[in-house]
Undergrad: 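Structure below; questions to follow.
If you read the sequence from its start, that first residue is 1, and numbering goes on from there.
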Amino acid sequence: MKFKNLLFICAFGMLIVTCKKEKPLKEYMTDSWQTTYLKIEMPTYEKSDSLEVYEDKFDKNPELVAQSKYNADGTFNAWFINKKGEKISESDGKWAVENDSLFVEFFYNGRDIKVGYHITKTEEGFLGKSTFDWDNDGANDDFLTMKTKHIKTD
């Protein structure tokens, strides 16, 4: 009797472990996203000794909302939605995943962007963090934190 109980408990435990298998990051990222929070800290803003911080929670009727769609073939499309609900400033690029990092390449605002983000999956979407030259001053010392949520797109 004890052996049957132990066997049942082991089988049940394996079932639970199997059911909770998490999607790999590449599969998780293959979806549509909307930025819900953005903070960029630039400690040497435009080569000065001044700290510049940009932060937006996108909760007070923002002018623009950033959205994106990551495709399984390693391409993505990003855009903004304005107050009229129009899609503007579209940009196409490439993306890849390595371990817990997302790497993107795209052309935006007159420059080629190649940046990596450390990704943490969240209940709503993901948290991305990166160090990059966001103020275009030649120093890779600016820190970005971004939160997203899943959205439905066509």
Side-chain angles (χ1 to χ4, degrees), residues 14-48 50-154:
M14 287 189 304
L15 180 64
I16 289 173
V17 170
T18 304
C19 290
K20 289 191 172 198
K21 205 168 207 177
E22 198 172 285
K23 283 183 182 180
L25 186 57
K26 182 172 182 177
E27 187 179 331
Y28 186 79
M29 290 302 301
T30 305
D31 208 336
S32 297
W33 308 95
Q34 179 171 304
T35 302
T36 59
Y37 174 80
L38 182 68
K39 182 177 184 180
I40 305 173
E41 299 169 83
M42 299 168 276
T44 57
Y45 183 69
E46 295 180 347
K47 297 184 180 183
S48 70
S50 298
L51 170 68
E52 181 78 19
V53 177
Y54 171 82
E55 186 172 21
D56 198 338
K57 296 178 184 176
F58 302 101
D59 59 353
K60 295 179 180 160
N61 197 20
E63 292 290 320
L64 299 172
V65 175
Q67 296 182 342
S68 57
K69 182 176 182 188
Y70 288 77
N71 304 305
D73 67 358
T75 62
F76 77 93
N77 183 249
W79 61 89
F80 293 101
I81 300 293
N82 65 19
K83 285 187 174 191
K84 296 177 185 176
E86 300 166 329
K87 189 186 276 193
I88 61 169
S89 298
E90 288 189 69
S91 180
D92 296 319
K94 296 178 185 177
W95 69 282
V97 165
E98 188 175 314
N99 298 321
D100 61 357
S101 297
L102 167 69
F103 297 92
V104 295
E105 295 181 28
F106 59 100
F107 185 79
Y108 181 72
N109 209 17
R111 75 190 257 218
D112 288 316
I113 307 286
K114 292 182 182 182
V115 63
Y117 297 87
H118 176 268
I119 300 295
T120 304
K121 298 175 189 175
T122 66
E123 203 170 297
E124 272 195 323
F126 67 86
L127 173 69
K129 294 182 177 184
S130 71
T131 302
F132 187 70
D133 181 16
W134 294 109
D135 62 356
N136 205 20
D137 67 357
N140 221 16
D141 62 350
D142 307 323
F143 187 70
L144 177 141
T145 303
M146 169 180 58
K147 293 179 185 176
T148 69
K149 68 178 180 180
H150 287 103
I151 58 170
K152 300 279 185 218
T153 58
D154 298 333

Undergrad: Taking all atoms of both residues into account, what is the closest heavy-atom pair of Asp31 and Tyr28, and its distance?
TA: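 Taking every non-hydrogen atom into account, CB-O, 3.9 Å.
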Undergrad: What distance do Tyr37 atom OH and Glu55 atom CD have between them, rounded to the nearest 0.5 Å?
TA: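 These two atoms lie 3.5 Å from each other.
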Undergrad: Is any side-chain heavy atom of Asn77 closer than 4.5 Å to a side-chain heavy atom of Ser91?
TA: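 They are not in side-chain contact.
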Undergrad: Name the atoms and distances for all side-chain donor-acceptor pairs under 3.5 Å in residues 124-138, with sequence neighbours left out.
TA:
from, atom 1, to, atom 2, distance (Å)
Asp133, OD1, Asn136, N, 3.0
Asp133, OD1, Asp137, N, 2.9
Asp133, OD2, Asp137, N, 3.3
Asp133, OD2, Gly138, N, 2.9
Asp135, OD1, Asp137, N, 3.4
Asp135, OD2, Glu46, N, 2.9
Asp137, OD1, Ala139, N, 2.9
Asp137, OD2, Thr44, OG1, 3.4
Asp137, OD2, Lys47, N, 3.2

Undergrad: Roughly how far, to the nearest 0.5 Å, is the CD atom of Gln67 from the OG1 atom of Thr153?
TA: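 So the OG1 of Thr153 and the CD of Gln67 are separated by 8.0 Å.
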Undergrad: Verify, without hydrogens or angle tests, whether Lys121 (side chain) and Lys23 (backbone) share a donor-acceptor contact under 3.5 angstrom.
TA: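 Pair found, side chain donor or acceptor close to backbone of Lys23.
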Undergrad: Judged by atom type as modelled, is there a donor-acceptor pair below 3.5 Å linking the side chain of Asn99 to the main-chain atoms of Ser101?
TA: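 No; zero donor-acceptor contacts below 3.5 Å.
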Undergrad: So, using ring pair (Phe, Tyr, Trp, His ring centres under 6.0 Å) as the criterion, who are the partners of Trp95 when residues are at least two apart?
TA: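 If we apply the ring pair (Phe, Tyr, Trp, His ring centres under 6.0 Å) test to Trp95, skipping adjacent residues, the hits are Tyr70.
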Undergrad: Looking at every heavy atom in both Val97 and Lys26, which two are closest together, and how far apart are they?
TA: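 Taking every non-hydrogen atom into account, CG2-CA, 3.9 Å.
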Undergrad: Looking only at heavy atoms, which two atoms of Thr35 and Val65 are closest? And how far apart?
TA: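 Answer, listing the atom of Thr35 first, then Val65: O-CG1, 4.3 Å.
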Undergrad: For the pair Thr36 (side chain) and Lys147 (backbone), establish whether a donor and an acceptor sit closer than 3.5 Å, ignoring hydrogens and angles.
TA: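 Yes, because the side chain of Thr36 sits within donor-acceptor range (under 3.5 Å) of the backbone of Lys147.
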Undergrad: Could I get the full list of ring pair (Phe, Tyr, Trp, His ring centres under 6.0 Å) partners for Phe106, not counting sequence neighbours?
TA: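 So Phe106 forms a ring pair (Phe, Tyr, Trp, His ring centres under 6.0 Å) with Phe76.
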Undergrad: Is it the case that more than 12 heavy atoms not belonging to Lys87 sit under 6.0 Å from its NZ atom?
TA: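 Enclosed.
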Undergrad: Which atom names give the shortest non-hydrogen contact between Asn71 and Thr30, and what distance separates them?
TA: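 Heavy atoms only, the tightest pair is C-CG2, 3.9 Å.
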Undergrad: What's the shortest heavy-atom distance between Ser89 and Phe80, and which atoms?
TA: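 For Ser89 versus Phe80, the nearest heavy atoms are CB-CD1, 3.8 Å.
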Undergrad: For a quick test of reading the model, state the closest non-hydrogen atom pair linking Thr148 to Thr122 and the distance between them.
TA: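 Looking at all heavy atoms of both residues, the closest pair is O-OG1, 4.5 Å.
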